[in-house]
Amino acid sequence: MYMNNYQASQSMAETASSDELRSSEAHDVSVHQFVAPLTWRMVADRRYLFPRSPKNEILARCGQQEPISFEQALANLDAIVERKIGEGVYGEVYLCTKPSGVQSVLKLIPIEGGLMINGEKQKTYDEILSEVIISAELSSLRQHNVQFSTDGFVELRSVSCLVGKYPERLVKLWEEYDEKHGSENDCPSEFPDEQLYIAFETAFGGSDLDGFRFRNAQQAFAIYAQIVLMLAVAEKRYDFEHRDLHTGNVLIEPTKELERTYYLLGEEIIIQTHGLKATIIDYTLSRIVHGGLCLFNDLSTDEELFTAEGDYQFDIYRNMKSALQNQWNLHAPKTNVYWLHYLLDKLTSLRNFRDRTSKAHKAAMKTMKELSQVLLRFNSVHEIVCHYFVRRLDESNKEN
């Protein structure tokens, strides 16, 4: 994770007038809101601002002075950990239920250790800090704001820093998942007693898009429209790029709400849900500008990510690398467009719609296929929204 001077990185990507720069500076959030003092670091002949102590920054955001035990963290969670529901290269994901019946999700990521996990080095405090901040900022977009608002990014309920042996209860749940689904991860029982972890507690967002069975293409297109709008809000508010929006990072759940409302540059946009609600998760590779600093994951040396074959997803990584010229601090909202095109490809390729004969299904499928033909002409999600959803939005309302 790196944090660079926002205006310096922007000057590489686009030319801004002096008036625009003065306006941006006038509305920028002070870097002093970061708990840890900032220092300069040289990376690939560029200067980057960095918290002098990413550990202290994370602990402050967790409301802790030191890492706490698993026992304390699970007590704070005040929930029964029911089962493992997913995994990633860097961690495990569990479903929890609170006494009220409300469900939440616990994501555990080991950090700072020397033990390789799933063939990868563990993340450090400074590498995980970007995900902590991005998760909090995108979650905060659900707070009503007439300039920028969406509840489409998963709600972050708490973040904790833990230390200790992986609980036997969670190891058992991991083994049950492995027996049923087959895990690609190493068993967490291998972690030492002094292992550190970052624990994210989020709201439960439903099942992932991969394999979800829609009633018809109209529902699929409703989900797609929601994704477009939530990306547009974050793109304009934070210069956000998700950079890894595959089908596993889009969750879907039934909803009784008939509509979802978005605020983008002061414009209220309301769309129908058709009974389903989408949520975006996982910001491991994401990029935002927050507090005048650019937070991003530097993928410039990750050769394996750009050489994989077998799915359109891997073409998207290469497209991103080209759009950014392998400089991952830069802002290229075209990367969001690439992922939207990928999602359209997946949705139009589905064969398991329950109703494929209705007029609504055929009309929505036709619309998605036609959109897929022109989508890559756009350079940002904001442009897509301006073209298809609203008149040209007033960017002078943007908060920096």
J.: Only counting residues at least two apart or in another chain, list the ones meeting side-chain contact (heavy atoms from CB on, under 4.5 Å) with A364.
T.: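 side-chain contact (heavy atoms from CB on, under 4.5 Å) check on A364 returns A217, Q218, F221.
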J.: Would you say the ring centers of Y317 and W339 fall short of 6.0 Å from each other?
T.: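 Yes, ring centres under 6.0 Å apart.
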J.: Show which side-chain atoms of residues 75-83 pair as donor or acceptor with protein atoms under 3.5 Å away, not counting sequence neighbours.
T.:
unit_1, atom_1, unit_2, atom_2, d
N76, OD1, Q72, NE2, 2.7
N76, ND2, Q72, O, 3.4
E82, OE2, T97, OG1, 3.2

J.: What I want to check is whether the side chains of S358 and D355 have a donor and an acceptor closer together than 3.5 Å.
T.: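 Yes, D355 and S358 have a side-chain donor paired with an acceptor closer than 3.5 Å.
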J.: Can you sort out the partners of K98 under salt bridge (Lys or Arg N to Asp or Glu O under 4.0 Å), two or more places apart, ordered by chain and number?
T.: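 With sequence neighbours excluded, K98 shows a salt bridge (Lys or Arg N to Asp or Glu O under 4.0 Å) to E201, given in chain and number order.
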J.: side-chain hydrogen bond (donor to acceptor under 3.5 Å, both in side chains) with S349: which residues, sequence neighbours excluded?
T.: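 In terms of side-chain hydrogen bond (donor to acceptor under 3.5 Å, both in side chains), with neighbours along the sequence ignored, S349 is linked to no residue.
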J.: Can you tell me if E92 and N185 form a side-chain donor-acceptor pair at under 3.5 Å?
T.: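 Checked: E92/N185 side chains pair up, N/O donor to acceptor below 3.5 Å.
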J.: Are more than 12 heavy atoms, taken from residues, nucleotides or ligands other than Q103, located less than 6.0 Å from that residue's CD atom?
T.: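 Check passes, neighbour count above 12.
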J.: Is there a donor in the side chain of S183 and an acceptor in the side chain of E87, or the other way round, less than 3.5 Å apart?
T.: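 Per modelled atom types, S183 and E87 side chains form a pair under 3.5 Å.
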J.: With sequence neighbours left out, which residue pairs that include part of residues 68-100 fulfil the ring pair (Phe, Tyr, Trp, His ring centres under 6.0 Å) condition?
T.: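 Qualifying pairs: F70-Y166, F70-Y197.
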J.: Backbone N or O of L276 within a donor-acceptor pair of the T255 side chain at under 3.5 Å?
T.: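 No.
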J.: Does one hydrophobic cluster hold both V93 and V159, with members joined at side-chain heavy-atom distances below 4.5 Å?
T.: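 Result: no, two separate clusters.
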J.: Ignoring hydrogens and geometry beyond distance, is a side-chain donor-acceptor pair present between E235 and N336 at under 3.5 Å?
T.: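 Yes, side-chain donor-acceptor contact under 3.5 Å.
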J.: Is there a side-chain contact between L59 and P67 (heavy atoms, below 4.5 Å)?
T.: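 In contact.
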J.: Could you check whether E127 and Q122, counting side-chain N and O atoms only, form a donor-acceptor pair closer than 3.5 Å?
T.: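 Note: Q122 and E127 side chains miss the donor-acceptor criterion.
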J.: Give every residue pair that meets the salt bridge (charged side-chain N to carboxylate O under 4.0 Å, His left out) criterion with at least one member in residues 156-168, sequence neighbours excluded.
T.: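 For residues 156-168: E155-R157.
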J.: When the aromatic ring centroids of Y342 and F314 are compared, is their separation below 6.0 Å?
T.: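 No; F314 has its ring centre 6.0 Å or more from that of Y342.
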J.: With a 4.0 Å cut-off, would you call E175 and K84 a salt bridge?
T.: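 Looking at E175 and K84, the cut-off is not met.
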J.: Does a donor on one side chain and an acceptor on the other come within less than 3.5 Å for Q147 and Y263?
T.: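 Side-chain D/A pair, Q147 to Y263: absent.
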